[in-house]
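Chain letters run A, B, ... following the sequence lines, proteins first and then strands; every chain starts at 1. Just so it is clear, the model here is predicted, and its values are computed rather than measured. Values below: every heavy atom of this structure, side chains too, minus hydrogens, waters and symmetry copies.
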Amino acid sequence: MATIKAVRGTRDLLPPDTNLWNHVEATARSVFARYGFGEIRTPIFEATELFARGVGEETDIVSKEMYTWEDRGRAESDRGQSLTLRPENTAGVVRSYIEHGMAETGMLEKLFYIGPQFRRERPQRGRYRQFWQIGAEVLGPPWSGSDSALRDAEVLEMLATLLNELGVKGWRLALNSVGSAEDRQRYSAALRDALAPVKDKMCPDNQRRAETNPLRVLDSKDPNDQEIIDGLPKIADFLSEDSRTHFEQVKAALDACGVAYAIEPRLVRGLDYYTRTTFEFTVPDGSGLGTQNALLGGGRYDGLSEMLGGPKTPGIGFAIGEDRLILTLRAQAAEQAAKKLDAFIAPMGVAQNPGALKLAQELRHAGLSVEVGDGSFRLRKSFDAADKLARKMIIFGEDEVTSGILTVKDFSKGEQEKIAREELAAALKN
RNA sequence: GCGGCUAUAGUUCAGUGGCAGAACGCCGCUCUGUGGCAGCGGAUGUCGUGGGUUCGAACCCCACUAGCCGCCCCA
C-alpha cells in the first residue's frame, strides 16, 4: 500500500532542528519585548477579500498563489463564503487592529507575530508552500506618531539588533522610498511612457511588466535589458516634498544609530500596500539560500487600513522568512553543539527499573534533564546510548541502592566518581 | 506556471541490459557490573509510482509523482 507523505512544499520539522527554530523564536521574542512589542495571533485563514483588497488583486500572490476554497457552512450567513489560507500576515494584523478598535486608544500599537503562511508556488530551497514568518507591525492613528520616520528607523535598528544577536554574518540592508500612493502613481505613469518606445527590445517578461506593473521592470535581472533600465527615470525625482523629507529623516536616524544601509533606487516591493520606505535584508552568496537571498522584507503601508475600510492608520512592518533565516544560520554556523541531557540513568537489571524511574523523577524535579535506560540493557548498550544522549551516566544497580552511593561516569572527562544520592542533583548541575 | 538535473538500505552513494552492492549507522555475539577500539555474524530494499521495449530492466523508452537548481515572484 502506498504510504502517505507530507504534501508537496510542506515538511516536518524534527529534533534536533527544532532546537534551532526555538532558539530563533526565543531570541526574536526577547528582542521584540525590549522594543515594546506585544504578541498577536491571528487566524490562519481569513476572508479571501481581505487579501484581495489588502495585498492587491493584481499581485502574483493573490492572482495565482493563494489556497482558496468555498466554505460549506450550514448557516445561510457563512455558506459559500470564500476563505483563504493567509499568504502573509500584515493584512490580518491590520484587520484585527480595525476590528478591535485599537485606534480608539490613540496610542501606538506595536505587535509581533510568529506563524505559518501559505503560498502555492513551485517549491525550491528557501521557498515552501507552508513557510514561517516572524513579523512585526507598528501602527496607530496619525496623532500617535505612527507615520514618523523615527518608527521606520526604530524597526530597522531592531532588525539589525536581532540579526546580530542571532549571529547572522554579512547581512546587508537595502533601502528605498517608493513615495506616497500619489508619487507612485506619477512615477509609474512616467515609466510607462519611457518604456513605450523601447520595450520591444526587452525580454518578454519585461515587455509584459511594462504593461502590467512597470515598477517591476526595475527589478529585472536580465543582463541585456540593463542598459535600458539604467536610462529610465529615477523614483527619487518623483518623490513629493513630504516623502523626500521623510526618507531623509529615516536615513539621519539610521546614521545616528550606526546602522549601515545601501540606497537601492530599484528596490520595489511587490505588495500593493507599500508606501514610502521599503527595505530588504539580504545575505551574501554561500549563506545557504541560493538565489533566494532575501532574508526579510518590509516597508511602510500608510494606506492599508483605509483600503480595508478602517480609519487612517499609518504603519510600518516587516516579515522575516524564518525558514530562510534557519538555512542561513545552519550554513553559517560552525558545527552546532548538540544539546545533551544532564544525565542518563542505567538500571542494572529490570528489578531496578522502578527505583531508577524514581531517581529520574527526583532529578527531573530538581530541574535536570534526564533519560532512563532499561534494566534489560547490557551495560555496554547503556554506555553507548548514554554517550549519545547525555553528558553523564549514572549506574543504578543493587550495590548503589544498598549503599546509597551512586557511580557517575562523566563522558567529557572520561572519569568516574562515586557520589552520595543526596548530593547527586547538585553534583550533576556542574 | 516555465526550463534543466535527479530519485537504489535508516543515511551518503556505487552499480548503464544478465544473482541487489559499499561505507557509515542499526541489531546480536566474543563480553551477565565498566562502553567507545577490534573480530565474527545479522537485518537492511515494492531499485520513487505506473506502463512499454526485451528471453531478461535498477539500467533503455513513455507518463506520472517528488526533490534539487534556475526563471517568474516573494519571506
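Geometric assessment of A/K413 against the ring of A/F411 yields a negative cation-pi assignment under the 6.0 Å and 45° thresholds.
Pair assignment for B/A20 gives none, since no Watson-Crick or G-U wobble pairing has each distance under 3.5 Å. Shown here, B/A57 forms no base pair; nothing in the strands shown gives a Watson-Crick or G-U wobble contact with both key distances under 3.5 Å. The partner of B/G45, taking Watson-Crick or G-U wobble pairs whose two distances both stay under 3.5 Å, does not exist in any strand shown. Within the shown strands, B/G4 is the pairing partner of B/C68 under the Watson-Crick or G-U definition, both distances less than 3.5 Å.
Straight-line distance between the C1' atoms of B/A22 and B/C60: roughly 26 Å, to the nearest whole Å. The separation of B/G25 from B/G17, taken at their P atoms, amounts to 33 Å, rounded to a whole angstrom. Comparing B/C69 with B/G52, their P atoms are spaced 35 Å from each other, to the whole Å. Taking the C1' atom of each, B/G21 and B/G39 are spaced 23 Å apart, rounded to whole Å. The separation of B/C72 from B/G1, taken at their C1' atoms, amounts to 8 Å, rounded to a whole angstrom.
Outside the 6.0 Å centre-distance limit, the rings of A/F37 and A/F112 are not counted as a close aromatic pair.
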Could you go over nucleotides 28-30 of chain B and give all protein N or O partners under 3.5 Å, atom names and distances?
from: B/C29; atom 1: OP1; to: A/R378; atom 2: NH2; distance (Å): 3.0
from: B/U30; atom 1: OP2; to: A/R378; atom 2: NH1; distance (Å): 3.4
from: B/U30; atom 1: OP2; to: A/R378; atom 2: NH2; distance (Å): 3.2
from: B/U30; atom 1: O4; to: A/R380; atom 2: NH1; distance (Å): 3.1

Is there any protein nitrogen or oxygen under 3.5 Å from a nitrogen or oxygen in nucleotides 67-71 of chain B, and what are the pairs?
from: B/G67; atom 1: OP1; to: A/G9; atom 2: N; distance (Å): 3.1
from: B/G67; atom 1: OP2; to: A/R8; atom 2: NE; distance (Å): 2.7
from: B/C69; atom 1: OP1; to: A/R125; atom 2: NE; distance (Å): 2.2
from: B/C69; atom 1: OP2; to: A/R125; atom 2: N; distance (Å): 2.6
from: B/G70; atom 1: OP1; to: A/T291; atom 2: N; distance (Å): 3.2
from: B/C71; atom 1: OP2; to: A/T291; atom 2: OG1; distance (Å): 3.2
from: B/C71; atom 1: N4; to: A/Q124; atom 2: NE2; distance (Å): 3.4

Show the distances under 3.5 angstrom between N or O atoms of the protein and N or O atoms of nucleotides 6-11 of chain B.
none

Kindly list each side-chain donor-acceptor pair under 3.5 angstrom involving residues 195-203 of chain A, sequence neighbours excluded, with atom names and distances?
from: A/K199; atom 1: NZ; to: A/E211; atom 2: OE2; distance (Å): 2.5

Between side-chain atoms of residues 368-387 of chain A and protein atoms elsewhere (two or more places apart, or another chain), which donor-acceptor pairs fall under 3.5 Å?
from: A/S369; atom 1: OG; to: A/D342; atom 2: N; distance (Å): 3.0
from: A/S369; atom 1: OG; to: A/D342; atom 2: OD2; distance (Å): 3.2
from: A/D374; atom 1: OD1; to: A/S376; atom 2: N; distance (Å): 2.9
from: A/D374; atom 1: OD1; to: A/S376; atom 2: OG; distance (Å): 2.8

Anything under 3.5 Å between a donor and an acceptor, one on a side chain of residues 156-163 of chain A, the other on a protein residue two or more places apart or in another chain? List them.
from: A/E157; atom 1: OE1; to: A/Y35; atom 2: OH; distance (Å): 2.7
from: A/E157; atom 1: OE2; to: A/Y35; atom 2: OH; distance (Å): 3.4
from: A/E157; atom 1: OE2; to: A/T161; atom 2: OG1; distance (Å): 2.9
from: A/T161; atom 1: OG1; to: A/Y35; atom 2: OH; distance (Å): 3.2
from: A/T161; atom 1: OG1; to: A/E157; atom 2: O; distance (Å): 3.0

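Nucleic acid contact class of A/R11 (heavy atoms, under 4.0 Å, all strands): none.
Interface remark: the A/D387 side chain does form a donor-acceptor pair with the B/G35 base, using a distance-only criterion of under 3.5 Å.
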